[in-house]
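Following: one structure in structure tokens, then a few remarks.
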Amino acid sequence: MAYWLMKSEPDGYSIDDLERDGVEPWDGIRNYQVRNMIRDDMAVGDMALFYHSACKTPAAVGIMTIVSEAYPDPTQFDASSKYFDAGSDPDNPRWLLRDVKFERKLAREITLKELKAHPELQDFQLNKRGNRLSILPVSEKEWSLILGLEKAPAS
DNA sequence: GCCAACGTTGGC
DNA sequence: GCCAACGTTGGC
């Protein structure tokens, strides 16, 4: 089983929205590297951190599971969607997505600041300069380190 | 294939 | 709002 971190802007779709919806198609991926990851490297049963990005307090806020295979993102064919891609061929869709399922919120937000300060997370991709991918792989060790922080008091 | 211009992400 | 770091586009 693999672990992931998936970013979402809470103003657009937050952990509370996922808690309400239960299962949700993770649409809007428009980066080939990320598409390849969800197509080739992700698997049903993988676990992912829900991460709030581009907001006041960027932080990991919850846990979800991957519950579907990769399938075409319908928003790429929806002319009224901001994710519409006129260049995508319906017979060979360019953009894929997977469904994710809400598992639980973290007991507390684990902020980017805290992750960056962690001595054992210096190689974590989220902490790397110039990282702009909306989905990142998380190693098993990183996963347990991050979840270990959940039970520690906020620093 | 090179590279400048432009667009996007996302922390700050 | 600013800006660094990319990715993409398109002329050549």
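Note that these values count all heavy atoms, side chains included, but never hydrogens, waters or copies made by symmetry.
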Revision key, fill the gap. Result for side chain to side chain contact (heavy atoms under 4.5 Å, CB included) between A:I146 and one of A:L5, A:L121, A:L126 points to A:L121
Check your understanding: What are the residues of residues 83-91 of chain A, sorted by number, that bring a heavy atom to within less than 4.0 Å of DNA chain C?
Key -> none
Check your understanding: Looking only at atom types and distance, does a side-chain atom of A:R35 sit under 3.5 Å from a main-chain N or O of A:R94, one as donor and one as acceptor?
Key -> yes
Study note, to complete from the structure: Rounded to whole Å, the CH2-P distance (A:W95 to C:dG7) equals 13 Å
Exercise for review: Starting at atom CZ of A:R94, determine the distance to atom C1' of C:dT9, rounded to an integer number of angstrom.
Suggested key: 12 Å
Listed pairs, N/O of protein and of nucleotides 1-3 of chain C, under 3.5 Å:
none

Exercise for review: Provide, to the nearest angstrom, the distance between the CG atom belonging to A:N31 and the C1' atom belonging to B:dG7.
Suggested key: 13 Å
**Study point:** Residue pair A:M42 / A:I135, side-chain heavy-atom distance below 4.5 Å
**Key:** yes
Review point. Is there a donor in the side chain of A:D21 and an acceptor in the side chain of A:Y13, or the other way round, less than 3.5 Å apart?
Key: yes
Check your understanding: Do A:E140 and A:Y3 touch side chain to side chain, with heavy atoms closer than 4.5 Å?
Key -> yes
Practice item. Let me know the distance between CD1 of A:I135 and P of B:dT9, rounded to the nearest Å. Key: 14 Å
Review point. Is it true that a side-chain atom of A:R108 and a backbone atom of A:K151 form a donor plus acceptor pair closer than 3.5 Å?
Key: no
Check your understanding: Looking at the rings of A:W4 and A:Y51, which for Trp means the six-membered one, are their centres under 6.0 Å apart?
Key -> no
Point to revise | Heavy-atom check, side chain of A:T65 versus side chain of A:M47, under 4.5 Å | key: yes
Exercise for review: Round to a whole Å and report the spacing from NZ of A:K128 to C1' of C:dA4.
Suggested key: 17 Å
Point to revise | Other residues, nucleotides, ligands: >12 heavy atoms within 6.0 Å of A:K128 NZ | key: yes
Check your understanding: Parallel under 30°, tilted from 30 to 60°, perpendicular over 60°: which one fits the rings of A:W26 and A:F50?
Key -> perpendicular
Under 3.5 Å, which N/O atoms of the protein pair with N/O atoms of nucleotides 10-12 of chain B?
{"from": "B:dG10", "atom 1": "OP1", "to": "A:K7", "atom 2": "NZ", "distance (Å)": "2.8"}
{"from": "B:dG10", "atom 1": "OP1", "to": "A:R132", "atom 2": "O", "distance (Å)": "3.4"}
{"from": "B:dG11", "atom 1": "OP1", "to": "A:Y51", "atom 2": "OH", "distance (Å)": "2.9"}
{"from": "B:dG11", "atom 1": "OP2", "to": "A:A54", "atom 2": "N", "distance (Å)": "2.8"}
{"from": "B:dC12", "atom 1": "OP1", "to": "A:K116", "atom 2": "NZ", "distance (Å)": "3.2"}

Review point. Do we see a donor-acceptor contact under 3.5 Å between the side chains of A:E9 and A:S53?
Key: no
Exercise for review: Send over the distance from A:Y32 OH to C:dT8 P, rounded to a whole Å.
Suggested key: 7 Å
